[in-house]
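Worksheet: one structure, shown below.
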Amino acid sequence: DYNGFSPNGDGINDVFKIYVRSIVDLKQSIFNRWGQTIKTISGRMENILNSPDIISVEDNNNGGYLLGIWDGRFNGDIVNDGVYFINVEATGASGRTFEKRADINVLKGRAN
């Protein structure tokens, strides 16, 4: 579980990713500190895996996926450095529901 990334185009840690396993429905929303929604992805997992909203999908061959969900952009521009917030609601294959809230630290550093 990491909670930061640096969307500066250097090819290292440029995308924020979440790990999901045995999930059938997912809703995740990213907010800024004023509560403004920056990005939302929601729906059935099979649709999300093929969605243009997902930047990358890495299959770990164990039923789980590492999803690249945010490139740090809002309305086409990289957001300012700072703390952002993510809410994740998911339904597992067993029908159990999960909810997680966390912070995301954006630190662009020096762009190439």
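One-based numbering along the sequence shown.
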Looking at the rings of Phe5 and Phe16, which for Trp means the six-membered one, are their centres under 6.0 Å apart?
yes
Taking everything shown except Lys27 itself, do over 12 heavy atoms lie less than 6.0 Å from its NZ?
no
Which pair of heavy atoms, one from Lys108 and one from Asn80, lies closest together, and at what distance?
NZ-CA, 3.6 Å
Which pairs, with at least one residue in residues 48-65 and sequence neighbours excluded, count as a salt bridge (Lys or Arg N to Asp or Glu O under 4.0 Å)?
Lys17-Glu58
Is [Y] reachable from [X] through a run of I, L, V, M, F, W or Y residues, each pair having side-chain heavy atoms under 4.5 Å apart?
X: Leu67; Y: Phe85; answer: no
X: Val57; Y: Ile23; answer: yes
X: Ile30; Y: Val83; answer: no

Within the 3.5 Å criterion, strictly below it, is a donor on Asn105 or Tyr84 matched to an acceptor on the partner's side chain?
no
Among side-chain atoms of Thr40 and Ser29, is any donor-acceptor pair under 3.5 angstrom?
yes
Euclidean distance, Ser6 OG relative to Asp81 CG, rounded to 0.5 Å:
9.5 Å
Within the distance-only criterion (no hydrogens, no angle test), does the side chain of Asn50 pair as donor or acceptor with the backbone N or O of Glu46 below 3.5 angstrom?
yes
Side chain to side chain, Ile41 and Ile48, heavy atoms closer than 4.5 Å:
yes
